[in-house]
Amino acid sequence: MAGGAVSIAMITFLASALVLSSIPEVASTSPSPLIKDVCGSTAKEIKALDPKICAETLVSEPRVVAASNLVSMSIALLEAGISNATKTRSYVQKLLKRRGLKPDYKYVLQQCDGGYENFGWSFVSALGEVKEGEYDTATYDIKVGYTDNIDECQNALSSKNVRDYAISRGNDFLVLIGEVGFNTVNRLPSDYL
Ligand SMILES: *[C@@H]1O[C@H](CO)[C@@H](O)[C@H](O)[C@H]1NC(C)=O
């Protein structure tokens with residue numbers, strides 16, 4: 001009888017150990033405190049930004065997940081933006097090589113191609129500036145990078161009534177990265193203090 005009780009206790013113990021051991025895997029796909037922090041802080045400044053969607057989006061970026069402080073987070077956000085813009089741009093450039101594109105579609109692709117190029121230049125500059133501790137210049141470049149350039153592409157899509165989900169998803173991501181990146185770099189302590 002005692003043996004039976006012990007083995008039931010044992011099974012219960014093993015079962016709960018099994019459940020507990022699976023928790024870290026679940027935790028790794030949920031937003032880190034730092035991701036929640038930067039999304040929450042940005043949402044306070046930008047009412048249209050949903051902190052939950054922000055966190056869900058950032059969780060899919062390994063370098064952002066790995067960031068451990070506001071400086072490495074800033075760098076990770078800028079790198080994620082550069083990478084996404086570069087990939088979305090090569091998608092656009094592939095489409096631009098096609099023959100017989102409708103003029104409207106070609107116009108949209110050209111606007112987006114130029115927009116991603118300029119986004120890239122601004123974000124590469126900002127990345128260098130963050131690494132040098134020049135945070136004021138970096139926030140300026142981030143703002144320039146994600147506002148007008150992505151607007152150009154997005155406005156071309158809507159004015160010509162073109163639907164391209166890969167481009168739209170890229171634009172949504174780049175704007176989010178720009179907003180969170182701007183807010184995060186803006187929180188870094190300035191050298192002048
Ligand atoms: C850019 O990021 C968004 C959001 O994660 C994603 O949906 C999209 O596929 C990415 N674009 C490329 C070309 O990787």
Side-chain angles (χ1 to χ4, degrees), residues 25-43 45-68 70 72-98 101 105-127 130 138 141-158 160 162-185:
E25 285 182 43
V26 175
S28 72
T29 58
S30 72
S32 65
L34 188 56
I35 288 180
K36 284 189 190 158
D37 175 69
V38 295
C39 287
S41 167
T42 308
E45 302 292 326
I46 299 170
K47 294 289 165 253
L49 186 140
D50 180 336
K52 218 178 146 226
I53 292 176
C54 172
E56 280 165 12
T57 306
L58 295 187
V59 150
S60 66
E61 292 291 327
R63 66 191 113 207
V64 172
V65 172
S68 57
L70 289 179
S72 58
M73 175 58 88
S74 299
I75 291 170
L77 289 166
L78 295 174
E79 286 177 347
I82 293 164
S83 158
N84 194 287
T86 306
K87 285 190 219 147
T88 311
R89 187 177 181 213
S90 30
Y91 162 80
V92 165
Q93 287 182 327
K94 235 178 250 160
L95 291 176
L96 271 171
K97 289 204 188 96
R98 287 192 187 165
L101 286 176
Y105 193 38
K106 189 170 180 181
Y107 168 80
V108 171
L109 294 174
Q110 284 168 337
Q111 293 297 106
C112 295
D113 181 29
Y116 297 137
E117 180 181 17
N118 292 329
F119 176 100
W121 286 119
S122 297
F123 269 53
V124 166
S125 302
L127 182 60
V130 167
D141 279 324
I142 294 169
K143 189 79 126 218
V144 167
Y146 85 86
T147 50
D148 291 357
N149 298 314
I150 304 305
D151 281 352
E152 246 170 49
C153 169
Q154 201 57 39
N155 291 342
L157 281 172
S158 37
K160 301 293 181 191
V162 170
R163 259 181 229 165
D164 185 310
Y165 293 110
I167 294 178
S168 302
R169 274 200 308 272
N171 289 351
D172 288 347
F173 181 74
L174 296 177
V175 170
L176 177 74
I177 283 286
E179 290 170 342
V180 181
F182 178 89
N183 183 275
T184 306
V185 175

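Only a predicted model underlies this, so the values are computations on that prediction, with no experimental measurement involved. Indexing begins at 1, ligand by ligand and atom by atom, following the structure's order.
Among protein heavy atoms, atom 1 (C) of ligand 1 sits closest to Asn84 ND2, 1.5 Å. Nearest to atom 9 (O) of ligand 1 among the protein's heavy atoms is Arg169 NE, 4.1 Å. Counting only heavy atoms of the protein, atom 5 (O) of ligand 1 lies nearest to Phe173 CD1, 3.9 Å.
One side chain, Asn171 or Gln154, offers a donor N or O that lies under 3.5 Å from an acceptor on the other.
Of the possible donor and acceptor atoms, none in the side chain of Ser60 sits under 3.5 Å from a partner among the backbone N and O of Glu56.
In this structure, Val162 and Leu109 have side chains that are not in contact, with every pair of non-hydrogen atoms separated by 4.5 Å or more.
The ligand atoms of ligand 1 that sit less than 4.0 angstrom from a heavy atom of Lys87 are 13 (C), 14 (O). The Thr88 neighbourhood of ligand 1 comprises atoms 11 (N), 13 (C), with distances under 4.0 Å to a heavy atom of that residue.
For Lys47, the NZ atom counts as densely surrounded, since its 6.0 Å shell holds more than 12 non-hydrogen atoms of other residues, nucleotides or ligands.
Between Tyr116 and the choices Ile150, Asn149, Thr86, the side-chain contact (heavy atoms from CB on, under 4.5 Å) rule is met once, by Ile150.
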